[in-house]
Amino acid sequence: MISPFSKRVIKIIQKIPAGKVATYGQIASLAGNNKAARQISRILHSSSGKYDLPWHRVINSQGRISLRSGDGLEMQKAILESEGIQIINDRIDLAIFQWKNM
DNA sequence: ATAGTGACTATAG
DNA sequence: GCTATAGCCACTA
């Protein structure tokens, strides 16, 4: 069982189109709590394996991946690049690749 | 109810 | 660019 908030977050994440990324704060804001960025990561952890979440499209506000090397970072980078997202110096240009929920 | 935790964010030095 | 601090919130025990 998951909370309404988590459900909203999951639904939002599933709406992120391939080739785009979203920040934790952005998702939190869309879910109704722009301060709940930290929870996004928790939800990803608890749901990425149970649900079909494109967790790799969720990054931090710097356009960088918060994962530590060996924890899936390499895989995430590979997936993002395969979706057409350019990663320069481990950084993504949010001005171009950030998902706009319109 | 309380305390601990975290794939965050913003600010300061 | 870096670390350190503080704020903020949901989940878990």
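All chains are named by letter (A, B, ...) in the order of the sequence lines, taking the proteins before the strands, and each is independently numbered beginning at 1.
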S.K.: Of the listed nucleotides (B:dT9, B:dA7, C:dC11), which one gets closest to any side-chain atom of A:Arg42?
M.R.: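 Side chain of A:Arg42 sits closest to C:dC11.
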S.K.: Would you kindly give the CG-to-P distance between A:Leu30 and B:dC8, to the nearest whole Å?
M.R.: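 Roughly 18 Å, once rounded to whole Å.
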S.K.: If you compare every side-chain N and O of A:Ser61 against the phosphate oxygens of B:dT9 (OP1, OP2), does one of them come in below 4.0 Å?
M.R.: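 For B:dT9, OP1 or OP2 has a side-chain N or O of A:Ser61 closer than 4.0 Å.
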S.K.: For C:dC8, give its Watson-Crick or G-U wobble partner with both distances under 3.5 Å, or none.
M.R.: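 None - no nucleotide pairs with C:dC8, as no candidate has both distances under 3.5 Å.
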S.K.: Figure out the CD/P separation between A:Gln26 and B:dA10, and round it to whole Å.
M.R.: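 It works out to 12 Å between those atoms.
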S.K.: Would you call A:Ile65 and A:Leu80 a side-chain contact if the rule is heavy atoms closer than 4.5 Å?
M.R.: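 The answer is yes, as the side chains (C-beta and beyond) meet within the 4.5 Å cut-off.
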S.K.: Mark yes or no for whether A:Gln76, through its side chain, and A:His56, through its backbone, hold a donor-acceptor pair below 3.5 Å.
M.R.: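 Here the side-chain-to-backbone pair exists.
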S.K.: Answer yes or no: is there a donor N or O on one side and an acceptor on the other, between the side chain of A:Ser48 and the main chain of A:Leu44, under 3.5 Å?
M.R.: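 Checked: pair present.
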S.K.: Using the closest heavy atom to pick a nucleotide of DNA chain C for each, name whichever of A:Ser46 or A:Arg38 lands nearer the 5' end.
M.R.: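 Looking at the nearest nucleotide for each, A:Arg38 comes out on the 5' side.
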S.K.: By nearest heavy atom, map A:Lys35 and A:Arg64 onto DNA chain C; which one lands nearer the 5' end?
M.R.: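 Checking each residue's closest nucleotide, the 5'-ward one belongs to A:Arg64.
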S.K.: Between C:dC2 atom C1' and A:Gln62 atom CD, what is the distance in whole Å?
M.R.: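 It is 12 Å, rounded to the nearest whole Å.
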S.K.: With a 4.0 Å heavy-atom cut-off, tell me which residues in residues 2-25 of chain A come close to DNA chain C, sorted by residue number.
M.R.: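 By residue number: A:Ser3, A:Phe5, A:Ser6.
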S.K.: Nearest whole Å is fine: how far is C:dC2 C1' from A:Arg91 CZ?
M.R.: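 Going from CZ in A:Arg91 over to C1' in C:dC2 covers 14 Å.
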S.K.: So what's C:dG1 paired with, Watson-Crick or G-U wobble, going by both distances under 3.5 Å?
M.R.: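 Partner of C:dG1: none.
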S.K.: Rounded to whole Å, please give me the gap between CD1 in A:Ile92 and C1' in B:dA7.
M.R.: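 Between C1' of B:dA7 and CD1 of A:Ile92: 13 Å.
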S.K.: If I compare all heavy atoms of A:Leu53 with all of A:Gln14, which pair ends up nearest, and what's the gap?
M.R.: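 So the two residues come closest at CD2-CG, 3.7 Å.
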S.K.: Expressed as a whole number of angstroms, how long is the span from A:Asn34:CG to C:dA10:C1'?
M.R.: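 Taking atom C1' of C:dA10 as the reference, CG of A:Asn34 is at 14 Å.
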S.K.: Using only atom types and a distance under 3.5 Å, with no angle test, would you say the side chain of A:Arg8 pairs donor to acceptor with the backbone of A:Ala31?
M.R.: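 Yes; at least one donor-acceptor contact below 3.5 Å.
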S.K.: Among B:dC8, B:dA7, C:dA10, which is the nearest nucleotide to the side chain of A:Asn33?
M.R.: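 Taking heavy atoms from C-beta onward, the closest nucleotide is C:dA10.
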S.K.: Measure from CG on A:Asn89 to P on C:dC2 and round the result to the nearest Å.
M.R.: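 In whole Å, C:dC2 P and A:Asn89 CG are 11 Å from each other.
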S.K.: Figure out the CG/P separation between A:Leu94 and B:dC8, and round it to whole Å.
M.R.: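 So the CG-P distance, A:Leu94 to B:dC8, works out to 14 Å.
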S.K.: Is the shortest distance from a Lys or Arg side-chain nitrogen in A:Arg57 or A:Glu83 to a carboxylate oxygen in the other one below 4.0 Å?
M.R.: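 Salt bridge between A:Arg57 and A:Glu83, a charged N being under 4.0 Å from a carboxylate O: yes.
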S.K.: Any luck finding a side-chain donor-acceptor pair between A:Gln86 and A:Glu81 under 3.5 Å?
M.R.: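 The criterion, which ignores hydrogens and geometry beyond distance, is not satisfied for A:Glu81 and A:Gln86.
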